Amino acid sequence: MTRREMLVLLAAGALKAQEKADYQLTIDHTSLEIAPKTSIKTTCYNGSAPGPILRMKEGQRVTIDVANNTAEPEIVHWHGLHIPSNVDGSMEEGTPMIPPHSSARYSFVAAPSGTRWYHTHIAAMRNLKLGLYSGQFGFIYIDPKSDPGRFDQEVFLALREWDPYFSSGEGAMDVMYKRCSINGRALGFGEPIRVKEGRRVMLRILNASATMQRRIAFAGHSFTVVATDGNPVAAPKKVRVLELGPAERIDAIVEMDQPGVWILGATDDRDRKAGLGIVFEYSQKMGAAQWVVPSKDPWDYTAFGKPGMDGAASIIPLVIEKKFAGSRWVDKWTINGKSWPKTDPISVKEGFRYRLAFDNRSEEAHPVHLHRHTFELKSVAGTATSGVYKDVVVVPPKSVMEVEFIANNPGKTLFHCHQQMHMDYGFMSLLEYR
């Protein structure tokens, strides 16, 4: 027996010696049937993508055992939770990797409440079978200590693309996809979501894409947005279309007041035909699912906030730029002129309030994510706002956006773009407590 095999057995024995975990996840290769006679070979949790919904109570200490049955080192990031660096699921913060054919136990207190998620956090670079190009993602929902739950039905929806490939076009390399799904099924495949007239349905929607921003509509219906990234908004508002960058979540109530068979899906016809949609069927209604061309209303974070007020916060400027790497190659990204791992750390002091000023000087949008903290939107393209709390926000091309957070969770904290290619090629830095 080799030393490595002995260590694996010892680790497995140590897990068995402990109390049984609250949840168990297994990372393994599988084949997912996303459409008739169309299967995708990928890596996922417990044989499905999305993986199982992990539901827990706010303030509850939970343990999760993760078995890595693959030949690659892996790690699981618990996205949106305020937990210590050593279990957050980022090797840059100090969380240990899970070796091939080995196991690890994560233990933390579930907070804050709301819609969170879990996913792999390894670099993929040019291997489109690794990282978020794989099927390693799933929902976490943390039930608040007190919540009246003013809805009749709850539906979790994960948006996803499959079969990625590189496309060069006329410039640098980019990633495109052949197929799409919601909850692991292409539009029209599998059972519809069954609803009843007069019911209020809570939709918890996750954009689990590695790279793509999505606009979503529900034919014949409107969404009342009540939370972003799991956090209640200051001003719930009814809209016809939702827009989500990679890793963003939206909780929205839909009034079931239009009996029929309808499609919820991508507003882009090509993406919807590629599978990015799901059917909602009212009871006692049959027939072909209907699609209605949605409005082209612009997406506006400030619509869910309230008038902003200046506060006492130290401003940290973060200039985002692209370094052209040449035709048929992958562009590099910089923060204040430097690419990871040479980016300067963002220095903060515990208990102080800071304003991150994202100055996006590139022609691409960036879904930027701060681990282990929640931030409040303060300025969007010059419009002051407050009351919208998030952990991912899409900074549009050639624009400035500002957010504020309190440095209240000491430890190394990763800041990066949640677009897999951008993160892999330089768009990453560490926030460090001094």
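For reference, positions follow the sequence shown, starting with 1. Remember, it's a predicted structure, so these values are computed and weren't measured experimentally.
Salt bridge present: Asp143 and Arg55 bring a charged side-chain N and a carboxylate O closer than 4.0 Å. Look at Lys338 and Asp344 and you find a salt bridge, because one of the NZ, NE, NH1 or NH2 atoms lies within 4.0 Å of a carboxylate O, short of that distance. A salt bridge between Arg116 and Asp391 is present, with a side-chain N of the basic residue lying under 4.0 Å from a carboxylate O of the acidic one.
Atom OH of Tyr433 has more than 12 neighbouring heavy atoms from other residues, nucleotides or ligands inside a 6.0 Å radius. Around the NZ atom of Lys322, the shell of radius 6.0 Å holds more than 12 heavy atoms that belong to other residues, nucleotides or ligands. Annotation: Arg61, atom CZ; neighbour count of heavy atoms from other residues, nucleotides and ligands within 6.0 Å is above 12.
Applying the side-chain contact (heavy atoms from CB on, under 4.5 Å) test between Pro367 and each of Gln419, Glu248, His416, Gln213 identifies Gln419 as the sole match. Checked options Leu264, Ile253, Asp251; the residue passing with Leu203 is Leu264 (criterion: side-chain contact (heavy atoms from CB on, under 4.5 Å)). Exactly one residue among Asn336, Leu318, Ile335 makes a side-chain contact (heavy atoms from CB on, under 4.5 Å) with Ser429. That residue is Ile335.
For an aromatic pair to be called close, the ring centres must be under 6.0 Å apart, and Phe139 with Tyr118 fails this. A distance below 6.0 Å separates the ring centres of Trp299 and Phe304. Annotation: Trp78 is in aromatic contact with Tyr106 [ring centroid separation under 6.0 Å]. Between His77 and His371, a ring centre-to-centre spacing shorter than 6.0 Å is recorded. Between His366 and Phe427, the distance from one ring center to the other falls under 6.0 angstrom.
No side-chain heavy atom of Lys390 sits less than 4.5 Å from a side-chain heavy atom of Thr374. The side-chain heavy atoms of Ile75 and Ile98, taken from C-beta on, include no pair separated by under 4.5 Å.
Donor-acceptor pairing under 3.5 Å is lacking for the side chains of Ser295 and Arg240. Side-chain atoms of Glu92 and Ser90 form a donor-acceptor pair, as typed in the model, at a separation below 3.5 Å.
Of all heavy-atom pairs spanning Tyr45 and Gln136, the tightest one is CE1-C, 3.2 Å.
Applying the salt bridge (charged side-chain N to carboxylate O under 4.0 Å, His left out) test to Arg361 and every residue at least two apart in sequence or in another chain returns Asp359.
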Just do the side-chain contact (heavy atoms from CB on, under 4.5 Å) check on Arg434 and Glu350 with the steps written out, would you?
CA-CA 8 Å; Arg434 59 179 183 270; Glu350 185 178 2; over 6 Å; no
